[in-house]
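This report refers to the structure that appears directly beneath it.
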Protein chains: 2
Amino acid sequence: MNDVAAAAGVALKTVSRVVNNEPGVNTATAERVQAAIDRLGYRRNDGARTLRQGRTSSIGLVIEDVADPFYSGLSRAVEDVALGHDYLVFTGSSGESPTRERDLVLAFCARRVDGLIIVPAGEDHEYLTPEVDAGIAAVFADRPPGAGPETDIVLCDNSSGSRAGVEHLIAHGHRRIAFLGDSPAIFTAQERLRGYRQALAAAGLPYEERLVAMGPGDQARVQADVERMLSSPEPPTALFTGNGRMTVATLRVFASLASFAPPGVRHGGGAEPMERPALVGFDDFELADLLKITVVAQDPVGLGRTAAELLFQRLSGDDGPPRRVELPTRLVDRGSGEVGPGS
Amino acid sequence: MNDVAAAAGVALKTVSRVVNNEPGVNTATAERVQAAIDRLGYRRNDGARTLRQGRTSSIGLVIEDVADPFYSGLSRAVEDVALGHDYLVFTGSSGESPTRERDLVLAFCARRVDGLIIVPAGEDHEYLTPEVDAGIAAVFADRPPGAGPETDIVLCDNSSGSRAGVEHLIAHGHRRIAFLGDSPAIFTAQERLRGYRQALAAAGLPYEERLVAMGPGDQARVQADVERMLSSPEPPTALFTGNGRMTVATLRVFASLASFAPPGVRHGGGAEPMERPALVGFDDFELADLLKITVVAQDPVGLGRTAAELLFQRLSGDDGPPRRVELPTRLVDRGSGEVGPGS
DNA sequence: ATGAAAGCGCTAACAG
DNA sequence: CTGTTAGCGCTTTCAT
């Protein structure tokens with residue numbers, strides 16, 4: 001900027017005015033400055049600018065995994081809102097590691113992001129207190145934070161959604177419905193289990209431990225649990241899966257059990273294969289329509305957009321009490337809840 | 001930092017030394033400083049630090065869409081490499097808009113990122129020349145840049161992969177193979193078309209314009225093209241689709257045509273429905289295994305990792321000639337190339 | 001082992 | 001309309 005000023009024969013501040021389109025610069029002078037800028041290939045250093053201004057016009061986004069379709073939808077929504085406000089986004093994946101979540105958040109804070117959107121992996125967010133006290137706005141999305149500062153929170157209505165999905169199965173005559181959920185440490189997994197129990201209780205059905213399996217979503221674990229349940233004396237006639245990965249893993253188990261018909265397909269003749277159990281999954285996924293899987297759809301884009309909008313309201317001065325928003329879910333009936341002995 | 005220094009009764013520089021673990025500080029003094037830091041909740045301002053140091057320890061990543069599984073895999077790989085080097089990542093989606101690509105890149109440059117990884121949407125990258133001259137490293141991934149500075153480039157071997165996919169269909173007896181590609185403006189679409197033509201030529205098969213359709217990947221366009229081709233006098237017996245979205249769209253078309261059997265399934269009795277055409281797709285996708293779709297798999301994670309590794313080599317001083325890396329593709333045979341009249 | 005001074009590139013506040 | 005001065009928070013350089 002100094003060089004430009006020298007080249008144009010003006011003072012530093014005049015260059016600054018031109019660069020920022022500030023009013024009160026003679027047109028001729030402005031042109032001379034602009035010419036010098038173009039000639040020298042000058043670009044304003046936004047790092048210095050933000051240091052001076054005290055705002056960085058950037059936010060940090062910490063999610064579980066950018067490569068997970070649910071979170072990448074959320075991520076894209078946050079990005080779009082941010083760009084609409086001329087903000088840039090630092091993105092990081094925690095991979096369900098509380099340590100990595102914390103390290104990312106603190107790294108973003110050290111860069112003095114103006115705000116944070118966090119899908120928490122950890123259960124202790126005291127580490128955020130000094131940062132929030134220092135004026136960094138934070139919004140939690142998808143899961144509530146553990147102990148720590150009071151912030152805005154945006155969630156899906158997990159228990160109601162889960163309850164609706166299980167009630168759908170019950171309405172189609174199923175009495176023994178298994179629940180396959182994520183690790184119990186995860187908030188959403190607990191909530192969805194709660195909805196499952198509510199649905200059973202409301203229908204006067206017993207809650208059976210043997211029909212509930214919670215744990216990591218890897219194929220091996222799901223395979224073991226599904227096979228164990230299906231080969232038990234009184235097997236479930238329907239499965240309710242607690243998230244998209246779990247649903248897909250269950251479909252792979254079905255495919256591996258040769259005695260079942262493929263998803264959504266009835267054989268036209270020959271020996272009738274064993275009917276596969278009904279299946280309803282929490283969370284929609286690509287190709288669920290083709291595979292005809294009934295799901296309780298969440299709204300990842302809505303989650304991201306809402307979180308970002310709340311954040312920008314805070315950034316523009318809103319200092320009302322913390323808000324908690326729950327987004328509704330939607331049952332998408334594609335027929336997979338109707339099949340099987342229950343129907 | 002001033003406050004901490006005052007509180008600890010030392011000079012500013014001593015606090016700086018403690019914060020950065022620089023040697024040459026008396027243990028007792030260091031403890032006193034640390035106590036003051038903790039008490040005051042002091043955090044180093046990395047913005048100021050990077051201003052002084054001239055490096056920001058951050059990179060910018062511009063992709064087409066963070067919510068697309070292909071790019072989100074790439075994105076995650078970049079992020080992992082960056083975090084391994086203690087770098088932070090600004091992420092942005094261009095949405096195939098050259099303007100948005102340019103705006104994002106220039107915004108990242110204004111923040112003085114040390115490096116850029118770009119999946120280009122535009123065809124003119126002259127806008128990058130001043131930035132690269134100013135010392136910002138750039139690597140292009142997935143597609144080569146248009147006119148502009150010479151940089152490292154990481155691509156998939158699109159034409160070979162496409163050729164292998166089409167040859168697979170030819171090997172299974174197909175003679176009329178349609179090609180459904182992305183808009184011709186997109187480099188990868190052109191390359192994959194080239195591979196398709198090479199495979200036909202090598203087998204002595206004619207190239208028929210009527211069997212080639214290129215355009216945006218939306219369902220309506222794909223539906224129209226596929227239906228037109230299949231209802232033509234001499235319909236193709238096989239389709240080769242130019243990317244994952246196109247493959248999925250084609251599967252939806254198949255599902256909508258009630259006369260076809262569902263993917264991978266033969267009816268056991270009754271009136272035999274019209275056999276659906278064979279299908280091979282470029283790019284693997286979630287559940288392709290369940291749907292039994294043969295694909296030419298790319299390696300999005302390898303693409304991202306390689307691009308990031310090249311970038312960090314440049315950042316650590318490598319100034320050799322620009323490199324161009326082509327990652328191999330892999331044919332994953334799941335049986336969908338064998339079906340139909342050709343086999 | 002510690003500190004003082006200068007300055008990274010910019011803008012806010014106040015002149016002229 | 002234009003310029004001067006100070007300082008954002010830190011690190012570099014050079015003294016002590």
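Residue numbers begin at 1 in each chain, while the letters A, B, ... track the order of the sequences.
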Checklist entry - Of all heavy-atom pairs between B/T188 and B/D142, which one has the smallest distance, and what is that distance? => result CG2-O, 3.5 Å
Next on the checklist: Heavy-atom count check: over 12 atoms from other residues, nucleotides or ligands less than 6.0 Å from B/Q53 CD?
Outcome noted: yes
Checklist entry - Using a cut-off of 4.0 Å on non-hydrogen atoms, how would the nucleic acid contact of A/V10 be classed: base, sugar-phosphate, or nothing? => result sugar-phosphate
Checklist outcome for this item: Nt span of DNA chain C in reach of chain A heavy atoms at under 4.0 Å, 5' end first, is C/dG9 to C/dA13
Checklist entry - Starting at CZ of A/R52 and ending at P of D/dA6, how long is that distance when rounded to a whole Å? => result 13 Å
Item to check | DNA chain D-proximal residues of residues 34-46 of chain A, any heavy atom under 4.0 Å | outcome: none
Item to check | Between C1' of D/dG3 and CG of A/N2, the distance in whole Å | outcome: 13 Å
Checklist entry - If you measure from CG on A/L311 to CG on A/D318, what distance do you get to the nearest 0.5 Å? => result 11.0 Å
Checklist entry - Is there a side-chain polar atom (N or O) of A/T14 under 4.0 Å from OP1 or OP2 of D/dT2? => result no
Item to check | Whole-Å distance separating the CZ atom of A/R17 from the C1' atom of D/dT4 | outcome: 11 Å
Next on the checklist: Among B/R314, B/Q313, B/R324, exactly one meets side-chain hydrogen bond (donor to acceptor under 3.5 Å, both in side chains) together with B/D152. Which residue is that?
Outcome noted: B/R314
Checklist entry - Once you round it to whole Å, what is the distance between C1' of D/dC10 and CG of A/L51? => result 8 Å
Checklist entry - Could you walk me through whether B/T306 and B/E309 pass the side chain to side chain donor-acceptor pair (under 3.5 Å) check? => result CA-CA 5 Å; B/T306 308; B/E309 283 167 354; 5.1 Å; no
Checklist entry - Can you name the side-chain contact (heavy atoms from CB on, under 4.5 Å) partners of A/R32, sequence neighbours left out? => result A/V10, A/T29
Checklist entry - Hey, does B/A48 reach any base, or is it just sugar-phosphate, or nothing, if we go heavy atoms under 4.0 Å? => result base
Item to check | Beyond-backbone contact of A/I117 with A/V154, side-chain heavy atoms, under 4.5 angstrom | outcome: no
Item to check | Atom pair distance, as rounded to whole Å: CG in B/L12 and P in D/dG9 | outcome: 11 Å
Output side-chain donor-acceptor pairs under 3.5 Å for residues 82-93 of chain B, partner residues at least two apart or in another chain, one line each.
from  : atom 1 : to     : atom 2 : distance (Å)
B/Y87 : OH     : B/R55  : NH1    : 3.4
B/Y87 : OH     : B/D114 : OD2    : 3.0
B/T91 : OG1    : A/T91  : OG1    : 3.3
B/S93 : OG     : A/E79  : OE1    : 3.0
B/S93 : OG     : A/E79  : OE2    : 3.2
B/S93 : OG     : B/V66  : N      : 3.1

Checklist entry - Can you check side chain to side chain donor-acceptor pair (under 3.5 Å) on B/N20 and B/R49, steps first, answer last? => result CA-CA 11 Å; B/N20 297 300; B/R49 171 174 226 243; 3.1 Å; yes
What pairs of donor and acceptor atoms, side-chain ones from residues 34-42 of chain B against any protein atom, are under 3.5 angstrom apart with sequence neighbours left out?
from  : atom 1 : to    : atom 2 : distance (Å)
B/Q34 : NE2    : B/D38 : OD1    : 3.1

Item to check | Closest contact, heavy atoms only, B/H125 versus B/P149 | outcome: O-CD, 3.3 Å
Checklist entry - Of the residues in residues 20-31 of chain A, which ones touch DNA chain D at a heavy-atom distance under 4.0 Å? => result A/G24, A/V25, A/N26, A/T29
